Amino acid sequence: MSNQTEGALRVLQWLGSMEARVNNSHAKGGRQVPGDLPMRTCPRDYAKEWEQKVAHRKGAANKRLVKAIRAIPASNNRERMTLFVNYALKAAVHRQLEKFQANLGLPVMPWVDMDLLGPVKEGQADWHGQVTDAYVTAMQHAAPFECLLGEVFNVVVGAGQKSDCQHFTPWDVASAIPRLLPEGRTLTGDAMVAPVTVMDPACGSGTLLLAQIQGHLRNGHNRPDALKNLVVMANDRDPLCAAMTALQLLMNQLVWERPIGLVKVECKDTITECLEPKPVFGTVIAHWTTESTTFKENPHDA
């Protein structure tokens, strides 16, 4: 059979199929029923592709932060992590105080014990800008109040090099806890403005606290004032852990423009020094107006 003959047969078969469809539509009241037509499904899952793209960008940003911290000149990785957290925390506090005094930005007034982790070493400005930019970029690719430094600490320092038997709760586990807890009763009247306290006496990098704060933000529909009645109390006997928690609590407020009513971080042994206050960091909302914050969307909700 020649190619022309085969082509003619295909055309006849196609015409016969079309005639059958037309006859079927006439038999059902002169209209075509969509269910009788072959449906072509789209092979692409755009939602899944977007999630994969977001995850890829987030992973790339985290790797960039890890690389920037590892490039800090120091004798070991824990010292590098300490230098980064020490500089980032005190620089963020200093910058926010300048903006607060100039009545710019959020009405958040922070303070920090300058002896925490020691003084910031001068003459190392070559890595200051790179690591700061990498950290802010990583935060912008994460969800609001997501714990970044716990994972970064595990990668940079390494589980096998933790001399203090530290173990930070994985973020996936911590963030699932508020979703598994039963929803509280609906508050009305004066109960709506009553302060709510969350605390962790062994906070580590602040993972569990951040998960609780994220849950409160979600319950408040991500409003700018969703956390204004929240009180956060944190403590860890490791100065580096206390500083990591302080840095994450401060930076998430500033980056996502969601101020917390009151934050207090202490650095002490809660067993032997439970009655002795040793605050090392804190923030407070000095004044609140509806114009103080602007709505900032989470890119993961897109």
Side-chain angles (χ1 to χ4, degrees), residues 54 58 61 88-89 91-112 132 135-150 171 174-179 181 183-184 187 192-200 203 205-234 243-265 281-302:
V54 169
K58 176 182 176 182
L89 174 60
V93 169
H94 178 74
R95 177 57 178 161
Q96 177 58 21
L97 282 175
E98 287 183 337
K99 296 177 68 175
F100 177 80
Q101 293 173 354
N103 292 324
L104 300 174
L106 294 181
V108 174
M109 184 171 64
W111 69 272
V112 64
T132 300
Y135 179 45
V136 173
T137 301
M139 287 195 63
Q140 292 172 340
H141 283 85
F145 291 91
E146 179 178 348
C147 181
L148 292 178
L149 297 187
W171 175 248
S175 60
I177 294 176
R179 300 177 184 273
L181 296 176
E183 294 185 2
L187 301 178
M192 294 182 64
V193 297
V196 178
T197 302
V198 295
M199 60 178 62
D200 190 344
C203 58
S205 61
T207 309
L208 294 175
L209 285 173
L210 291 167
Q212 290 292 322
I213 296 171
Q214 192 181 79
H216 282 277
L217 185 63
R218 182 170 54 250
N219 293 337
H221 305 288
N222 198 30
R223 296 192 312 271
D225 62 344
L227 305 177
K228 73 173 184 178
N229 297 321
L230 189 65
V231 177
V232 179
M233 310 290 287
M244 283 194 295
T245 298
L247 176 59
Q248 297 205 96
L249 290 174
L250 176 60
M251 288 299 295
N252 274 281
Q253 292 183 74
L254 302 181
V255 170
W256 299 108
E257 298 181 357
R258 297 296 180 268
I260 299 174
L262 178 66
V263 173
K264 182 180 179 182
V265 179
F281 171 81
T283 66
V284 64
I285 298 178
H287 54 83
W288 180 271
T289 61
T290 55
E291 292 80 14
S292 296
T293 58
T294 56
F295 183 79
K296 206 165 199 177
E297 289 192 12
N298 174 14
H300 294 262
D301 294 336

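Just so you know, residue 1 is the first one in the sequence shown, and it goes up from there. This is a predicted model, so every value here is computed, not measured.
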Student: Check residues 96-104 and write down every donor-acceptor pair under 3.5 Å in which the side-chain atom is one partner and the other belongs to a residue at least two apart or another chain.
Tutor:
unit_1 : atom_1 : unit_2 : atom_2 : d
Gln96  : NE2    : Leu106 : O      : 3.3
Gln96  : NE2    : Val108 : O      : 2.9
Glu98  : OE2    : His94  : NE2    : 3.1

Student: Look up atom CG in Leu149 and atom CE in Met139, then write down how far apart they are to the nearest 0.5 Å.
Tutor: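 Here the rounded value is 8.5 Å.
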
Student: How would you list, by chain and number, every residue that makes a side-chain contact (heavy atoms from CB on, under 4.5 Å) with Ala211, sequence neighbours excluded?
Tutor: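 By the side-chain contact (heavy atoms from CB on, under 4.5 Å) rule, Ala211 matches Trp171, Ala174, Pro178.
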
Student: Kindly compute the distance separating CG (Leu250) from CD1 (Ile260), expressed to the nearest 0.5 Å.
Tutor: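 If we round to the nearest 0.5 Å, Leu250:CG and Ile260:CD1 are 9.5 Å apart.
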
Student: Looking only at heavy atoms, which two atoms of Gln214 and Ala143 are closest? And how far apart?
Tutor: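 Heavy-atom minimum between the residues: NE2-CB, 3.9 Å.
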
Student: So which of Asn252, Leu209, Val255 actually passes side-chain contact (heavy atoms from CB on, under 4.5 Å) with Phe145?
Tutor: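 So the option named by the test is Asn252.
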
Student: Once side-chain contact (heavy atoms from CB on, under 4.5 Å) is applied, do any residues pair with Met233, and if so which ones, sequence neighbours excluded?
Tutor: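 Residues passing side-chain contact (heavy atoms from CB on, under 4.5 Å) with Met233: Thr197, Met199, Val231, Lys264.
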
Student: Looking at residues at least two apart in the chain, or sitting in another chain, which of them share a side-chain contact (heavy atoms from CB on, under 4.5 Å) with Val284?
Tutor: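 Here the qualifying residues are Met109, Leu262.
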
Student: Mind listing the closest non-hydrogen atom pair of Arg258 and Leu227 along with its distance?
Tutor: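 Smallest heavy-atom distance, with atoms named: O-CD1, 3.9 Å.
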
Student: Looking at side-chain heavy atoms only, is the closest gap between Val93 and Phe281 below 4.5 Å?
Tutor: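 A side-chain contact exists here, since the closest heavy-atom pair is under 4.5 Å.
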
Student: Test of understanding: with side-chain contact (heavy atoms from CB on, under 4.5 Å), list the residues that count as partners of Ala88, not counting sequence neighbours.
Tutor: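 Counting only residues at least two positions away or on another chain, Ala88 forms a side-chain contact (heavy atoms from CB on, under 4.5 Å) with Phe84, Leu247.
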
Student: Only counting residues at least two apart or in another chain, list the ones meeting side chain to side chain donor-acceptor pair (under 3.5 Å) with Ser205.
Tutor: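 Once residues adjacent in sequence are excluded, the partners of Ser205 under the side chain to side chain donor-acceptor pair (under 3.5 Å) criterion are Thr207.
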
